[in-house]
Amino acid sequence: MEPLKPVRSGAPEIFLTPYDPGGMEPGIYKKWEESGYFNPDNLKDAKEPYTIIMPPPNANGSLHVGHALFVTLQDLLIRYKRMRGFKTLWLPGADHAGFETQLVYEKKLEKEGRSRFKMEREEFYKETLAFTLENKKFMEGQLRQLGASCDWSREKFTLDPDIVTTVYATFKKLYDDSLVYRGERPVNWSTKYQTSLSDLETKTVERKDPLYYMKYGPFVLATVRPETKFGDTAIAVNPNDDRYKEWVGKEVEFDGLIGPVKLKVVADEYVDMTFGTGVVKITPAHDPNDFEVAQRHGLPAVEVIDRFGKLNEKCGKYAGMKILEARAAVAKDLEEKGLLEKVDETYVHNILVNYKNENDILEPRIMSQWFIKMAPLAERAREAVENGKIRIFPEFQKKIFFHWLENLRDWNISRQIVWGIPIPAWFKDGEIAIGEKPSGEDWQQDPDTFDTWFSSGQWPYATLGYPDGKDFKTYYPTSVMETGYDILFFWVMRMIMLGLYRTGEVPFRDVYLHGLVRDAQKIKISKSKGNVINPLEMTEIYGTDALRMALLVGNTPGMDISLAEPKIKGYKLFSNKLWNIARFVLENTDGEQDAPVTETDQKLLDELHALEKEVTADMENYRVYLAAEKLYHYVWDRFAAKILEESKDILKGSDAATATSRRNTLYGILNTSLKLLHPFMPFVTEAIWQQLPKKENDLLMVAKWPV
RNA sequence: GGGCGGUUAGCUCAGUUGGUAGAGCAAUCGCUUUACACGCGAAAGGUCACAGGUUCGAGUCCUGUACCGCCCACCA
């Protein structure tokens, strides 16, 4: 780029060089951090607290553009409130992210030709910890690059000892209150990863599977899973089905593939008369619906598939076969014996899979695990939202919130993975001890770890040191929880439930839900699609301020935003515009002087004042996208294009008083514009502020917000 | 099957309590004008998905329809 022309009069030398965000940003961040004002303890005049707990990023990779969005939104709110004189705490953190990190690390092991199943538990844990801590450190640097003005002195990690202590205390209290129980219940079992998953960690995918119509004693029934027949403990029909009325309550005996079968026929509303033949085989151990039928009718559950997805010793000659292998074998044998009436090859149904890996089909399996009773907790969460103790932005997400609360099942918090917080439960001969290992021999600790959302669900009060911490008293309930709508159920809901349960207070007053960042064509960003936007790379090319503006403008809460490089570039141009406005103004004035203001200039100041009010109102109501756009247009279309242009004539005119008034006005508008823009574009505004000859505060970051 | 959202300029989206439609990018024309060519000026571009209704007035409120997207859900 060509060098700029020399500046006239006494404009600061920095303006001799073009605007260079990449070169100036690290130094500015350092200045902020060293000032100590990220820490609210150093905001001496501030009284009323304003708190945001940062959603702790998973420490298993580098930050993506979704992280950049949350950093931008939260930093915007924090900087705005800090300038307004609040005692602002933005508490950063990192999440060990149990299952997800373990998955990432297992993949890494796979590439190296290793497997966690061939490693000692401790060895695997140690390696994963090292991997996580390394990522965490890297991530902290990236958060700084994005301008996050969070209080690093209060940073928390989900595995910090004090966090674990709090998590344990909550578990104990839930147990004492009978809200957590040890249950033998169906869980979603991953044979690949050897752990159960909560209902939220599953998703359904459509699949075409053969539907076998098999003869079963006197009946014909339709099933996609003939291989589970060895675990059948009943046959069910609908109580209103006249076709089978005579059989209800009777036992049927017939020869099965591996010997005689004797099953009771039960009547249950669950059976749909119109599906298949209206007859269902009940396999309680391998189907959650069948399990419930079995509960209602007092039927036993017989496990026939083991944790590795192989048929067990109860399955005669099929023992040792994998599920699909066994299915084919059973179907073939049924056919040979004339027991297969027909096969519907067009049948499409939904199957449960691992939400992180669609190829990982989850097997329903009965296991002894810890479950949290959701109903009582959900009720309090509903009340809090209903009576406005928690506000949700956008409002329509409230409906989704309520709808979800209606069909809740108990929450399985046991994970059979190594990477996580061990569950503080000990067993001995059917006895259970919670909290600490009891004295005496033979107590065995539960080998499982907590679902990571159980601990992160306690994040707001755990990070603030509940119950005795000084910070808890000052900063709880927090002001706003800003996060993506995609984790409304996983996280926000759990924080509300556990926060209310444990502290008796809501964890936050407002919930601001942002959308997903998509590419220019509105397509979901993913590595496999090759449309990844690396936020750190963008900040290096266009500046963090440009990236932030691109993420803010046009981004309404709860809606996905599309982002593309040209948009970011557009705001780099805006940063440059601001830079040059400052250059012009500072070439022409070295600060405000006492002098009368002309009527024309007073109108300009009034106009600016109206903008201050509007922007402030927008900020208070989370209309940040409007605030950003208004400032953009004011600065570019009004200040630069009109006011500044018409000033050229005034400044070189012969009327000294008018010229002085205009100089003061230009300086005033620049000053205020920098303040209003600072939460949005902290770096360039601070850089210019540093060049102002007269200012109320050395750091723009803690200058007073207009209005 | 239930719920939620969307449909506005070529593309991506704003439009805060109803008052004659806006931005960015792209595309057109013209400009080295003493802050900025990372710039300036000018012009162009829309039956606001469709059909009804309320209103003096509807992109905005109500009813319905269509299409797109997302979430939830135990028909084997």
Side-chain angles (χ1 to χ4, degrees), chain A residues 1-2 4-5 7-8 11 15 18-19 186 199-200 203-204 209 211-212 221-225 228 236 270-283 287-293 347 349-350 352 364 394 396-404 406-409 485-486 488-489 515-516 518-522 524 542 546 549-550 553-556 558-588 614 617-618 621-623 625-630 632-633 636-637 640-641 644-645 647-648 651-652:
Chain A
M1 206 172 293
E2 284 175 38
L4 299 179
K5 292 168 198 132
V7 290
R8 284 173 289 134
F15 293 109
Y19 167 62
D199 294 330
L200 274 181
K203 66 175 178 180
T204 51
D209 277 313
L211 182 63
Y212 301 93
L221 55 77
T223 180
V224 285
R225 302 202 63 179
T228 62
Y270 155 69
V271 181
D272 179 352
M273 286 188 275
T274 67
F275 185 89
T277 58
V279 181
V280 182
K281 64 189 198 65
I282 300 300
T283 323
D287 185 300
N289 307 309
D290 291 7
F291 179 83
E292 279 174 27
V293 173
Y347 182 59
H349 67 146
N350 292 328
L352 262 198
F396 76 78
Q397 291 280 354
K398 231 159 90 169
K399 295 179 211 162
I400 296 170
F401 183 97
F402 289 136
H403 185 250
W404 189 75
E406 274 161 27
N407 24 46
L408 267 186
R409 289 205 267 171
Y485 67 73
D486 54 324
L488 177 65
F489 303 143
L516 270 39
R518 294 168 179 273
D519 76 3
Q521 271 68 49
K522 221 42 202 294
K524 200 168 175 175
Y542 302 110
M549 282 298 273
V553 174
N555 186 354
T556 42
M559 306 297 288
D560 293 350
I561 181 187
S562 81
L563 181 74
E565 205 166 323
K567 188 175 182 188
I568 303 169
K569 189 181 170 191
Y571 290 102
K572 153 93 192 290
L573 302 181
F574 180 57
S575 306
N576 185 60
K577 178 56 92 169
L578 189 64
W579 184 255
N580 283 293
I581 289 170
R583 182 176 180 218
F584 177 85
V585 172
L586 296 181
E587 271 179 18
N588 285 288
E614 256 186 79
D618 286 339
N621 292 292
Y622 298 108
R623 296 190 298 253
Y625 51 102
L626 285 183
E629 208 171 338
K630 282 174 188 169
Y632 175 90
H633 288 298
W636 200 312
D637 300 337
L644 204 138
E645 284 303 326
S647 298
K648 287 176 183 172
L651 295 185
K652 61 186 179 195

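These numbers come from a predicted model, not from an experiment. So that the names make sense, note that chain A is the first sequence line, chain B the second, and so on, each numbered from 1.
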[N] phosphate, OP1 or OP2: any side-chain N/O from [X] under 4.0 angstrom?
X        : N     : value
A:Thr556 : B:A14 : yes
A:Arg409 : B:C74 : yes
A:Lys203 : B:A73 : no
A:Arg583 : B:C36 : yes

When rounded to the nearest Å, what value does the distance between [atom1] atoms of [N] and [M] take?
N     : M     : atom1 : answer
B:A21 : B:G46 : P     : 13 Å
B:C25 : B:C38 : P     : 14 Å
B:C40 : B:G6  : P     : 35 Å
B:C36 : B:G41 : C1'   : 15 Å
B:C56 : B:C70 : C1'   : 40 Å
B:G64 : B:C75 : P     : 27 Å
B:G69 : B:C13 : C1'   : 16 Å
B:G5  : B:U60 : P     : 16 Å

Looking only at atom types and distance, does a side-chain atom of [X] sit under 3.5 Å from a main-chain N or O of [Y], one as donor and one as acceptor?
X        : Y        : result
A:Asn350 : A:Thr204 : no
A:Asp287 : A:Thr283 : no
A:Lys572 : A:Ala546 : no
A:Lys281 : A:Ala222 : no

Stems involving RNA chain B, each a run of at least 3 consecutive Watson-Crick or G-U pairs under 3.5 Å: B:1-7 with B:66-72, B:10-13 with B:22-25, B:28-31 with B:39-42, B:49-53 with B:61-65
Should the side chain of [X] and the base of [N] be counted as holding a donor-acceptor pair, with the cut-off at 3.5 Å?
X        : N     : answer
A:Lys648 : B:U34 : no
A:Glu406 : B:A73 : no
A:Lys577 : B:C36 : yes

Nucleotide nearest A:Tyr270 when distance is taken to its side chain, options B:C74, B:C38, B:A23: B:C74
Among B:U16, B:C25, B:G41, the nucleotide that comes nearest once only the side chain of A:Leu626 is considered: B:U16
Check: A:Phe574 ring centre within less than 6.0 Å of A:Tyr632 ring centre: yes
If I take atom [atom1] in residue [X] and atom [atom2] in nucleotide [N], what distance separates them, rounded to the nearest angstrom?
X        : N     : atom1 : atom2 : value
A:Tyr625 : B:A23 : OH    : C1'   : 14 Å
A:Phe489 : B:C72 : CZ    : P     : 6 Å
A:Leu644 : B:G41 : CG    : P     : 12 Å

Touch class at under 4.0 angstrom, heavy-atom based, for A:Asn555 against every strand present: nothing
Residue list, side chain to side chain donor-acceptor pair (under 3.5 Å) with A:Glu614, at least two apart or on another chain: A:Lys630
By ring pair (Phe, Tyr, Trp, His ring centres under 6.0 Å) - contacts of A:Tyr622 (at least two apart): A:Phe393, A:Tyr512
Check ion pair A:Arg583-A:Glu587 (N to O, under 4.0 angstrom): yes
